[in-house]
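Below is one structure, written out as structure tokens, with a few remarks after it.
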Amino acid sequence: MTLQYVPIIDLGPYFSGSPEGKAAVAKAVNQACRDIGFLVITQHQIPVELIERVSQLTTEFFDLPMEEKRKANRPRPDMVRGYSAVAEESLSYSMEEAAPGDLKESFSIGPLNVPDEPYYSEAMAGPHFAPNVWPTALPGFDAAYAEYFDAMGDLARSLMRIFALALELPENFFDDKIDKHISMFRSLRYPHLKEGIEEGQLRAGAHTDYGSLTIVKPDGALGGLQVCNREGEWVDVPYVEDGFVVNIGDLMMQWTNDQWISTLHRVVNPPEDVEGDQQRQSLVFFHQPNYDVMVECLPSCLAAGEQPRYAPVSSGDHLQSKFVRQTTFGGSKVA
């Protein structure tokens, strides 16, 4: 029976360490990734205090005057760093579909404490280890974001280990492919606009994610995340107060030769007749393998006589091409 909705999966049995617990979680995750590409996780080991602290500082940042936020502007279209205002990006363009700018503003960081070694230089790595840009008006903001980035990296490693078990690979199969990951942490605010919305303009247009997996901490505001299931129906992702939403990205779909699906999803606007302010805020961690990892069909995902559906692609090249289309509205200029 194919799942048509997003399941809620308790990771507690995996973290308990028992073979039976790990196997049970891996089985449930495998079904979710095959059928709908999304799941909601609980018992994820991330402290509530950290989530609340980062959420509060994020609210304070987005509440700053525009000229203050602009001091932390994104340096270049190919750098996922700093601030981006409402309608300055369109996710649909990453799918090569024209659409108005998304009704969100964002703040983004990448890897921290980057070693001073050639591997991490712009000459070799491109923009993937670019310096972060920080607001100056919020004490404790950069330290909290750095702590959250590290915590999400740890959770992503655990999820990739669960993925390995689900794909009948050694549990640590992905470890050396994500030990210098080029992930991004983006905080997003979706304002509740009552007027001035263009035809077809959404909080975030329909798109798939680019990397291995995404971890989202949404709030409960109306006008939320929807997923397109295999029947072509848009279904709401359930809001679980202490849970994270997880979805797989395009690279994981390619790694599995389409056994797992990177699902089209969007963030819709609140109903027109809704009462009160339905401004929405999300904390989103986009996990991306090491830039030089070649993503090609996993041995356990290729049946006898089958051919890989995708040519091998490096993690870094795939990410950069997708993000530039998103930030330049379909163009490719990065200067």
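Counting begins at 1 with the first residue of the sequence.
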Problem - Nearest-0.5 Å distance, OG of residue Ser315 to NE2 of residue His181 - result: 11.5 Å
Exercise for the section: Using distance alone, with no hydrogens and no angle criterion, decide if Tyr291 and Asp317 have a side-chain donor and acceptor under 3.5 Å apart. Expected result: no
May I have the list of side-chain donor-acceptor pairs in residues 122-136 shorter than 3.5 Å, sequence neighbours left out?
| from | atom 1 | to | atom 2 | distance (Å) |
| --- | --- | --- | --- | --- |
| Glu122 | OE2 | Arg76 | NH1 | 3.2 |
| Glu122 | OE2 | Arg76 | NH2 | 2.9 |
| His128 | NE2 | Gly316 | O | 3.3 |
| Asn132 | OD1 | Arg81 | NE | 3.4 |
| Asn132 | OD1 | Gly110 | N | 2.7 |
| Asn132 | ND2 | Gly110 | O | 3.3 |
| Asn132 | ND2 | Pro111 | O | 3.3 |

Practice task
Group every Ile, Leu, Val, Met, Phe, Trp and Tyr by side-chain heavy-atom contacts under 4.5 Å, then state whether Phe244 and Tyr239 land in the same group.
Solution key: no
Exercise for the section: Check His287 against Ile178 and note the closest heavy-atom contact, atom names and distance. Expected result: CE1-CG2, 3.5 Å
Handout entry: Heavy-atom check, side chain of Leu159 versus side chain of Ile215, under 4.5 Å
Key = yes
Exercise for the section: Examine Met253 and Phe38 and state if one hydrophobic cluster contains both, with Ile, Leu, Val, Met, Phe, Trp and Tyr joined whenever side-chain heavy atoms are less than 4.5 Å apart. Expected result: no
Practice task
Flag the pair Val6 / Val40 as yes when at least one side-chain heavy-atom distance between them is below 4.5 Å, and no otherwise.
Solution key: yes
Exercise for the section: Step by step, work out the side chain to side chain donor-acceptor pair (under 3.5 Å) result for Gln56 and Glu52. Expected result: CA-CA 6 Å; Gln56 179 59 37; Glu52 291 178 346; over 6 Å; no
Exercise for the section: For residues Val246 and Phe285, determine if any side-chain heavy atom of one lies less than 4.5 Å from a side-chain heavy atom of the other. Expected result: no
Problem - Phe15, CZ atom: more than 12 neighbouring heavy atoms under 6.0 Å - result: yes
Handout entry: Separation between CZ of Phe174 and CG of Asp176, rounded to the nearest 0.5 Å
Key = 10.5 Å
Practice task
Give a yes or no on whether the backbone of Pro218 and the side-chain of Ser282 come within a donor-acceptor separation of less than 3.5 Å.
Solution key: no
Exercise for the section: Tell me, yes or no, whether the heavy-atom count around Glu171 atom CD, taken from other residues, nucleotides or ligands under 6.0 Å, exceeds 12. Expected result: yes
Practice task
Look only at the side chain of Asn290 and the backbone of Lys180, and say whether a donor-acceptor pair between them is shorter than 3.5 Å.
Solution key: yes
Practice task
Return yes if some donor-acceptor pair links the side-chain N/O of Asn229 with the main-chain N/O of Gly232 below 3.5 Å, else return no.
Solution key: yes
Problem - Residue pair Gln288 / Tyr210, side-chain donor-acceptor N/O under 3.5 Å - result: no
Exercise for the section: Could you check if a side-chain atom of Asp250 sits within less than 4.5 angstrom of a side-chain atom of Asp209, using non-hydrogen atoms only? Expected result: no
Handout entry: Identified side-chain hydrogen bond (donor to acceptor under 3.5 Å, both in side chains) partner of Tyr83 from the options Arg74, Glu105, Glu68
Key = Glu105
Problem - Asn30-Trp260 side chain donor-acceptor pair, cut-off 3.5 Å - result: yes
Practice task
May I ask you to say whether Asp175 pairs ionically with Arg161, meaning some side-chain N is under 4.0 Å from a carboxylate O?
Solution key: yes
Problem - is_close_aromatic(Phe173, Trp255), centroid dist under 6.0 Å - result: no
Problem - Inter-residue atom distance Ile261.CD1 - Arg230.CZ, 0.5 Å rounding - result: 4.0 Å
Practice task
State plainly whether one hydrophobic cluster holds both Tyr310 and Leu264, where clusters connect Ile, Leu, Val, Met, Phe, Trp and Tyr through side-chain heavy atoms under 4.5 angstrom apart.
Solution key: no
Exercise for the section: Give me the ring orientation class for Phe141 and Phe61: parallel if the planes are under 30° apart, tilted from 30 to 60°, perpendicular past 60°. Expected result: tilted
Completion exercise
Taking every heavy atom of Thr59 against every heavy atom of Gln281, the minimum-distance pair comes out as OG1-OE1, 3.1 Å
Completion exercise
dist Phe149:CZ -> Asn113:CG (nearest 0.5 Å) comes out at 10.0 Å
Handout entry: Val240 side chain near Ile8 side chain, heavy-atom distance below 4.5 Å
Key = yes
Fill in the blank from the handout: So CG of Asn73 and OG of Ser84: to nearest 0.5 Å the spacing works out to 8.0 Å
Practice task
Quick one: which residue pairs count as a side chain to side chain donor-acceptor pair (under 3.5 Å) with a foot in residues 293-309, not counting sequence neighbours?
Solution key: Asp258-Arg309
Handout entry: Other residues, nucleotides, ligands: >12 heavy atoms within 6.0 Å of Glu241 CD
Key = no
Practice task
Using a 4.5 Å cut-off on heavy atoms from C-beta on, say whether the side chain of Arg280 contacts that of Arg189.
Solution key: no
Problem - ring-ring contact (aromatic ring centres under 6.0 Å, His included) involving Phe185 - partner list, sequence neighbours excluded - result: Tyr145, Tyr148
Exercise for the section: Heavy atoms only: give me the nearest Leu283-Ile51 pair and the separation to one decimal. Expected result: CD1-O, 4.3 Å
Exercise for the section: Would you check, one step at a time, whether the test side chain to side chain contact (heavy atoms under 4.5 Å, CB included) holds for Phe163 with Cys33? Expected result: CA-CA 9 Å; Phe163 286 1; Cys33 292; 4.2 Å; yes
Practice task
With the side chain counted from C-beta on, respond yes when Asn247 and Leu39 share a heavy-atom pair under 4.5 Å apart, and no when they do not.
Solution key: no
Practice task
Apply side chain to side chain contact (heavy atoms under 4.5 Å, CB included) to the pair Leu64 and Leu138, showing each step before the final yes or no.
Solution key: CA-CA 10 Å; Leu64 290 172; Leu138 292 174; 4.2 Å; yes
Completion exercise
In terms of heavy-atom contacts, Gly140 and Leu57 come closest through O-CD1, 3.7 Å
Handout entry: Same apolar cluster (I L V M F W Y, side chains within < 4.5 Å links), Tyr120/Ile182
Key = yes
Exercise for the section: Identify whether NZ of Lys or CZ of Arg in Lys69 sits under 6.0 Å from the centre of the six-membered ring of Phe107 and within 45° of that ring's axis. Expected result: no
Exercise for the section: Could you tell me which non-hydrogen atom of Ala166 sits nearest to which non-hydrogen atom of Ala26, and how far apart they are? Expected result: CB-O, 3.5 Å
Exercise for the section: Report yes if the distance between the aromatic ring centroids of Phe62 and Tyr190 is under 6.0 Å, otherwise no. Expected result: no
Handout entry: Gln259 side-chain N/O to Cys301 backbone N/O, donor-acceptor pair under 3.5 Å
Key = yes
Problem - Donor-acceptor pair, side chain of Thr42 and main chain of Gly243, under 3.5 angstrom - result: no
Exercise for the section: Go through the steps for Met184 and Ile109 under the test side chain to side chain contact (heavy atoms under 4.5 Å, CB included), then give the verdict. Expected result: CA-CA 6 Å; Met184 299 162 284; Ile109 68 167; over 6 Å; no
Exercise for the section: Without swapping roles, check the side chain of Gln226 against the backbone of Val237 for a donor-acceptor pair under 3.5 Å. Expected result: no
Practice task
Look at the side-chain heavy atoms of Ile, Leu, Val, Met, Phe, Trp and Tyr, link any pair under 4.5 Å apart, and say whether Val48 and Leu50 land in one connected group.
Solution key: no
Practice task
In plain terms, say whether Lys71 and Glu67 are close enough for a salt bridge, that is, a side-chain N and a carboxylate O under 4.0 Å apart.
Solution key: no
Problem - Val245 vs Leu225, side chain to side chain contact (heavy atoms under 4.5 Å, CB included): CA-CA, chis, key distance, verdict - result: CA-CA 10 Å; Val245 179; Leu225 188 60; 4.0 Å; yes
Practice task
State, with a plain yes or no, whether a side-chain heavy atom of Val313 is found less than 4.5 Å away from one of Leu251.
Solution key: yes
Problem - Atom pair NE2/OG1 of His265 and Thr263 - distance to nearest 0.5 Å - result: 8.5 Å
Exercise for the section: Please name the pair of heavy atoms, one in Ile46 and one in Ala151, separated by the smallest distance, quoted to 0.1 Å. Expected result: CD1-O, 3.7 Å
